Amino acid sequence: MIVRGGSVVTTEGVLPADLEVQDGRIAAIAPELPAQGDEIDARGLAVFPGLIDVHVHFNEPGRTEWEGGATGSSALAAGGGTLFFDMPLNSSPCTVDAAAFDAKRAALEKVSYTDFALWGGIVPGNRGHLGELAGRGVIGFKAFMADSGLPEFPRADDRTLYDGMCTAARLGLPVAVHAENNDLVAARGSSIRDYLASRPVIAEVEAIRRAAVLAKEAGASLHIVHVSSGRGVAEALEARASGADISIETCAHYLYFTDEDMQRIGAIAKCAPPLRPSAERDALRAALLRGDVDIVGSDHSPAPLSMKQGDNFFAIWGGIAGVQSTLAVLLDRGCRPERIAAVAAANPAARFHIARKGSVAVGNDADFALVDLDGTYTVTKDSLFQRHGLSPYLGAEFRGVVRRTVLRGETIFQDGKIAGAPRGRLVTPHATTRIHT
Ligand SMILES: [Zn+2]
């Protein structure tokens with residue numbers, strides 16, 4: 001198959017070229033390749049690497065009424081994505097041992113339209129299961145430094161986190177943390193304003209510093225998920241400068257919305273850490289544009305409408321559903337295509353040791369999205385492929401229409417529709433050299 005006349009987006013630049021796809025891989029990239037087999041007309045379109053979303057909660061199996069692998073992966077594909085990393089919660093059971101991993105893998109292999117990788121969890125008492133999770137092929141281990149909201153996934157106290165990091169280092173896998181200081185997070189009152197005040201930026205900053213100290217001591221690679229503030233990025237950069245092996249993830253909603261949007265939109269925009277004042281949002285965006293943010297994910301974490309209602313904002317289930325909108329938000333925020341290719345594809349593949357994915361390059365899987373960068377659209381409930389049409393982006397006008405998404409050489413999304421049957425496969429990290437001894 002030949003993909004004809006597109007502009008190939010790499011981290012280095014954008015160049016006009018044809019692609020030759022053979023057996024699901026990219027066989028050649030060059031101008032005016034000779035005709036052979038099928039042709040895809042990509043004239044006027046950007047050829048992005050298939051986006052890799054390192055942070056989603058599709059809740060398969062066990063809580064598919066909240067989302068599910070079929071709907072979640074459809075939404076990802078519609079947004080130009082070809083691979084997601086599913087968090088160890090809120091599926092049931094949570095991915096804290098091999099049996100739970102096997103159940104999730106089996107469930108997702110039946111329903112996922114995109115490839116997937118799985119995070120394992122670090123919770124008090126499961127240290128003995130980290131080795132078997134590594135053996136199954138988890139991408140890394142996730143821990144919560146503040147309450148997760150889900151009783152069966154308790155937060156990691158400092159000892160649990162440090163011990164888990166030591167084990168993860170021995171296994172050659174990174175540890176991802178939800179970085180908020182649990183003692184600084186204080187539920188008081190019931191309003192949206194009270195909720196915002198209950199989770200100050202300092203709770204994030206302090207937790208990032210502590211996690212970095214523990215990870216450095218343990219010899220572990222540390223991934224900070226959903227950094228919500230410019231100060232959080234600055235703290236992580238300081239930790240890196242002092243020798244910690246640390247990667248910085250933010251999520252599209254922290255680049256787009258502010259605390260005032262949370263007050264305007266309400267529960268659909270509830271998340272933790274919360275949306276921040278515009279100064280922090282703008283500092284975060286500046287960090288992204290400078291190249292100080294490594295990875296942008298979605299933290300797609302949906303719930304049914306019934307869980308998004310109530311008078312006490314603290315009691316309402318948190319989580320923003322945005323897996324389909326990451327590319328759009330990055331374009332909206334002024335991110336150049338090369339930078340998008342880095343933070344949403346190449347960097348995730350490199351950081352988490354995924355072979356043959358993350359860039360449009362000869363020998364890699366033919367995972368890519370054809371995007372009309374001049375096309376515009378308005379986000380409506382009908383345009384979303386997730387299970388529930390609850391999104392803070394409803395009504396937003398975006399530039400950059402995904403015309404087609406291709407996974408290992410097969411079209412999985414085209415012109416507003418999912419194509420073909422679910423054929424997602426488990427992706428595992430390739431073996432890494434251990435630094436720690
Ligand atoms: Zn999350």
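Model, not experiment: these values are computed from the prediction. For ligands, and for the atoms within them, numbers begin at 1 and follow the listed sequence.
Distance CG/N59 to CG/L89: 8.0 Å, rounded to 0.5 Å.
Applying the side-chain hydrogen bond (donor to acceptor under 3.5 Å, both in side chains) rule to pairs touching residues 265-289 yields S228-R276, sequence neighbours excluded. Legend: salt bridge (Lys or Arg N to Asp or Glu O under 4.0 Å) pairs involving residues 297-310, not counting sequence neighbours: none detected.
A salt bridge is absent between E132 and R136; no separation between the charged side-chain nitrogens and carboxylate oxygens falls under 4.0 Å.
Around the CZ atom of R425, the shell of radius 6.0 Å holds no more than 12 heavy atoms that belong to other residues, nucleotides or ligands.
Within the protein, the number of N, O or S atoms lying under 2.8 Å from the Zn ion (ligand 1) is 3.
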Which side-chain N or O atoms in residues 138-152 pair as donor and acceptor under 3.5 Å with protein atoms at least two apart or in another chain?
{"residue": "S148", "atom": "OG", "partner": "L150", "partner atom": "N", "Å": "3.0"}
{"residue": "S148", "atom": "OG", "partner": "L150", "partner atom": "O", "Å": "3.2"}
{"residue": "S148", "atom": "OG", "partner": "F153", "partner atom": "O", "Å": "2.9"}
{"residue": "E152", "atom": "OE2", "partner": "R63", "partner atom": "NH2", "Å": "2.8"}

